[in-house]
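Basis for what follows: all heavy atoms, side chains included, without hydrogens, waters or symmetry-related copies.
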Amino acid sequence: MFSASHEFAFFDYFRVPYQVRGPQLAACQGRRAALVGRLRPADQGGRSDRSAPSLYWLRHGAELPSRTAAGRPGRYQLDDFTFFGHVAPNAAVPAILSGIGSGWRPVTPVLSCGQQVAAIWQDGQRNVFLPFDPAEVMHQFWSEGYIDAGRPTLTAAGRAAALRGYYLARPAVPRPVQLWLRRAFTQVQSKATFPAWPAETSLHDFYGWLFGVIVGLTAAPVPYVDIWPDDRSWALVLTHDVETAAGQQQVELLRGIERARGLRSSWNFVGERYHVDDGLVRALRSEGCEVGVHGLRHDGRDLESARIMRKRLPAIRQFATQWDAVGFRSPATQRHWDMMPCLGFEYDSSYSDTDPYEPQPGGCCSYLPYFNQDLVELPITMPQDHTLFAILDQPDAVTWLHKARLLRDRGGMALVLTHPDYADDTRVSDGYRAVLDEFCDDTSAWHALPREVADWWRCRAASDVRRGSGLAVDGPAADRAAVRFAIAD
């Protein structure tokens with residue numbers, strides 16, 4: 001158990017037990033109490049253990065007592081991972097920590113462009129100070145706020161204008177020419193240094209590093225609610241986007257592969273681009289599959305602006321009701337952090353963990369679900385079939401298998417997105433068959449529908465580790481979740 005002066009988003013996410021004790025645990029009073037957060041181990045009664053060292057962190061949004069601090073979030077390197085956010089430079093830290101112990105010294109460098117600009121600090125009592133807020137670091141990844149870190153303020157507007165231009169021009173461009181242009185543009189997109197493709201582990205390496213720091217303070221394992229239910233160590237989630245009427249006619253090319261292996265999947269349809277076959281919807285649902293909404297017209301305009309989104313939302317919601325759909329995926333994975341919760345779905349699956357090859361490149365760098373307000377985000381963590389085979393012209397499923405094994409080994413969610421529209425390419429169908437053959441009998445995997453993962457994530461978020469005769473999960477996840485422990489490497 002821990003006590004904290006303020007909410008600690010990292011513990012909230014992993015469901016580590018702690019209590020917010022506010023001023024009782026603040027290391028100082030007045031203005032500085034709002035500047036620095038404090039986390040300390042607590043005894044069984046929840047009282048702060050004064051003999052144990054504390055973790056201090058710079059709270060995001062606090063006004064620093066030095067003009068040397070950067071006003072915009074930047075890109076930084078710590079240990080072997082990249083992170084983004086506001087970081088207090090070394091010159092500002094003594095003023096921040098004045099009155100909080102003594103003997104503070106920088107111990108682990110934080111780099112920017114290869115130069116040390118900040119550090120993790122420690123004092124003689126083993127207290128540790130983070131010159132950044134873990135909550136902001138996590139949000140920068142999840143929301144893709146990092147894309148504009150350190151860039152001119154017009155970058156986002158220019159990117160949005162380019163995306164609008166792409167969709168305006170696309171209907172007039174023949175399909176072979178579209179593919180030629182996309183393939184040619186990969187030479188530019190592949191030069192992006194972050195996030196790495198097909199796997200970017202920085203966010204999860206940050207999680208592991210921070211757990212290590214906290215375990216070092218407590219000198220004991222740190223309990224948290226297990227990531228997956230029923231003693232499963234990772235999740236395999238199968239999803240499909242049906243982009244065209246031709247794709248609707250080819251559903252069986254992929255569904256047949258799944259059915260033969262006893263697997264279920266989710267199918268996302270476009271409400272007004274083609275006539276959606278209600279019989280097909282019923283047949284999929286009768287087999288235990290899920291149906292979701294893949295935008296209104298697949299024209300890249302659903303999230304072009306708040307005004308257009310509000311105009312289209314009634315029709316989108318009508319299809320959701322008609323299909324009993326609780327999930328949404330935006331065409332071409334177009335996304336906007338502030339708009340996604342306004343769509344009214346239980347979950348969204350429009351963010352990739354990493355994808356430099358989409359019209360809107362980037363990625364949330366997470367291979368676990370997370371929340372955007374009350375909306376559960378389920379990242380697409382496997383490279384898309386269209387990217388692998390139509391754009392990059394790969395010959396087989398080697399990249400798919402490599403990524404799935406990495407996600408399995410790291411306890412992540414392998415969320416697959418394939419399209420029946422492209423399944424007449426034997427590389428797609430054969431590759432999909434190879435992936436399912438390798439993992440369909442893996443008893444460590446939770447084979448789940450997206451709506452089941454979203455339901456679980458809500459149950460987990462409403463549950464905690466409680467101490468009685470021993471440690472146990474308390475809350476709606478109690479019957480399916482175990483207590484796990486972060487330990488020192």
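R460 and D455 are not joined by a salt bridge, as no carboxylate oxygen comes within less than 4.0 angstrom of a charged side-chain nitrogen. The pair R335-D302 does not meet the salt-bridge criterion, since no charged nitrogen lies less than 4.0 angstrom from a carboxylate oxygen. With salt bridges taken as basic N to acidic carboxylate O contacts below 4.0 Å, one links E287 and R255. Using a 4.0 Å cut-off between a side-chain N of Lys or Arg and a carboxylate O of Asp or Glu, R484 and D226 qualify as a salt bridge. Using a cut-off of 4.0 Å between Lys/Arg side-chain N and Asp/Glu carboxylate O, D474 and R467 are scored as not salt-bridged. We find that D123 and R105 are not joined by a salt bridge, their nearest charged nitrogen and carboxylate oxygen being 4.0 Å or further apart. Salt-bridge annotation for D437 and R261: present, with a side-chain N of the basic residue lying under 4.0 Å from a carboxylate O of the acidic one. Between R405 and E438 there is a salt bridge, since at least one side-chain N of the basic residue sits less than 4.0 Å from a carboxylate O of the acidic one. The existence of a salt bridge linking E452 and R264 is confirmed by a sub-4.0 Å separation between a basic side-chain nitrogen and an acidic carboxylate oxygen.
Seen from the ring of F389, R427 does not count as a face-on cation partner, given the 6.0 Å and 45° thresholds. For the pair R232 and W228, the cation does not sit on the ring face, since its NZ or CZ is not both under 6.0 Å from the ring centre and inside 45° of the axis.
When the options W142, F371, F141, Y224 are evaluated for a ring-ring contact (aromatic ring centres under 6.0 Å, His included) with Y13, the one that passes is W142.
Heavy atoms from other residues, nucleotides or ligands lying under 6.0 Å from CD of E7 number 12 at most.
Between F194 and F84, the distance from one ring center to the other falls under 6.0 angstrom. The aromatic ring centres of W234 and Y367 sit 6.0 Å or more apart.
Note on ring orientation: taking the six-membered ring where Trp is involved, the planes of F14 and F211 are perpendicular (angle over 60°, cut-offs 30° and 60°). Ring orientation note: the planes of Y370 and W337 are close to parallel, at an angle under 30° on the 30°/60° scale. By the 30° and 60° cut-offs, the orientation of the rings of F8 relative to W57 is tilted.
Counting heavy atoms from C-beta on, the side chains of I380 and T333 come closer than 4.5 Å.
Checking side-chain atoms of T244 against main-chain N and O of G247 turns up a donor-acceptor pair under 3.5 Å.
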### Verdict with reasoning, R40 to S3, per side-chain hydrogen bond (donor to acceptor under 3.5 Å, both in side chains)
CA-CA 5 Å; R40 173 182 271 179; S3 294; over 6 Å; no
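Closest of all the heavy-atom pairs between P223 and V465 is CB-CG1, 4.3 Å.
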